[in-house]
Amino acid sequence: DVQLQASGGGLVQAGGSLRLSCTVSGGIFGDHAIGWFRQGPGKEREGVTCIDSSDGSTWYSSSVKGRFTISIDYAGDTVYLQMNSLKPEDTAVYYCAADLITATMAALKDPQYGMSYWGKGTQVTVSS
């Protein structure tokens, strides 16, 4: 049974940092990608970043590239999202999700596509 648990959200001032964690159980590390998505108030779901657990390759949306870093801890079955230089427009509920890499890339780029496994979201609020 695959489960994802996101944590680490909170309230931070603009320019600050937060680190989100996504703990994954169910033995999918090694052949699935883990993605982070966010949905701000009144906005459509947005793909943020992903990491392919098979080879560690990563992808970032243009809105976060250079500010966010995704990493993976294979020993702890955890994916981290380090968010630096946060902006008010980063305010959203952040979700981690897992699927094969092709499905993950599709979901990151187009919100009409889903992911096989989703965790509950964690709220990130950036004040100006």
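Positions are given from 1 along the sequence.
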Correct closest heavy-atom pair for Cys96 and Ala6 would be SG-CB, 3.9 Å

Which value, rounded to the nearest 0.5 Å, describes the distance between Gln123 atom CD and Thr91 atom OG1?
7.5 Å

Check: Ser54 and Asp31 side chains under 4.5 Å, non-hydrogen atoms
no

Identify the heavy atoms of Val93 and Gly121 that sit nearest to each other, and give their distance.
CG1-CA, 3.6 Å

Take atom CD in Gln5; do more than 12 heavy atoms of anything else shown fall under 6.0 Å from it?
no

Determine, using the 4.5 Å side-chain heavy-atom cutoff (strictly less than), whether Met115 and Val2 are members of one ILVMFWY cluster.
no

Considering non-hydrogen atoms only, spot the tightest contact between Gly35 and Cys50 and give its length.
CA-CB, 3.8 Å

On the 0 to 90° scale, with breaks at 30° and 60°, tag the Trp118-Phe37 ring pair as parallel, tilted or perpendicular.
tilted

Which of Thr23, Leu4, Ile34 passes side-chain contact (heavy atoms from CB on, under 4.5 Å) with Val79? Answer is Ile34

Checking the side chain of Tyr60 only, and the main-chain atoms of Ile70 only, is there a donor and an acceptor separated by less than 3.5 Å?
yes

Could you check whether any side-chain heavy atom of Val64 comes within less than 4.5 Å of a side-chain heavy atom of Arg38, counting everything from C-beta outward?
yes

Starting at OG of Ser7, measure out to NZ of Lys120 and round the result to the nearest 0.5 Å.
13.5 Å

State, with a plain yes or no, whether a side-chain heavy atom of Leu86 is found less than 4.5 Å away from one of Phe68.
yes

Gly9 and Thr122 have their tightest heavy-atom pair at N-OG1, 3.0 Å

Side-chain donor/acceptor of Ser53 to backbone N/O of His32, under 3.5 Å:
yes

Indicate whether the side chain of Ser116 and that of Asp99 have a donor and an acceptor atom separated by less than 3.5 Å.
yes

Checking Ser63 against Glu46: is there a side-chain donor and acceptor pair closer than 3.5 Å?
yes

If we check side-chain contact (heavy atoms from CB on, under 4.5 Å) with Asp52, which of these qualifies: Leu100, Ile101, Thr58?
Ile101

Point-to-point distance, once rounded to the nearest 0.5 Å, from CD1 of Ile72 to CZ of Phe29:
4.0 Å

Let me check something: do Tyr95 and Trp36 share a hydrophobic cluster, defined by ILVMFWY side-chain heavy atoms less than 4.5 Å apart, either directly or through other members?
no

Please report the closest heavy-atom contact between Ser85 and Asp90, naming both atoms and the distance.
O-OD2, 4.4 Å

Should Leu81 and Tyr117 be counted in the same cluster of Ile, Leu, Val, Met, Phe, Trp and Tyr side chains packed under 4.5 Å apart?
yes

Please round to the nearest 0.5 Å and tell me the distance separating atom CZ of Arg45 and atom CD of Gln39.
8.5 Å

Look only at the side chain of Asp77 and the backbone of Ser25, and say whether a donor-acceptor pair between them is shorter than 3.5 Å.
no

To the nearest 0.5 Å, tell me how far Gln13 CD sits from Ser128 OG.
9.5 Å

Using side-chain heavy atoms (C-beta onward) and a distance below 4.5 Å, is Met83 in contact with Val12?
no

When you group the ILVMFWY residues by side-chain heavy-atom contacts below 4.5 Å and let the links chain together, are Tyr94 and Leu18 in the same group?
yes

If hydrophobic clusters are built by linking Ile, Leu, Val, Met, Phe, Trp and Tyr wherever their side-chain heavy atoms come under 4.5 Å apart, do Tyr80 and Ile28 end up in the same one?
no

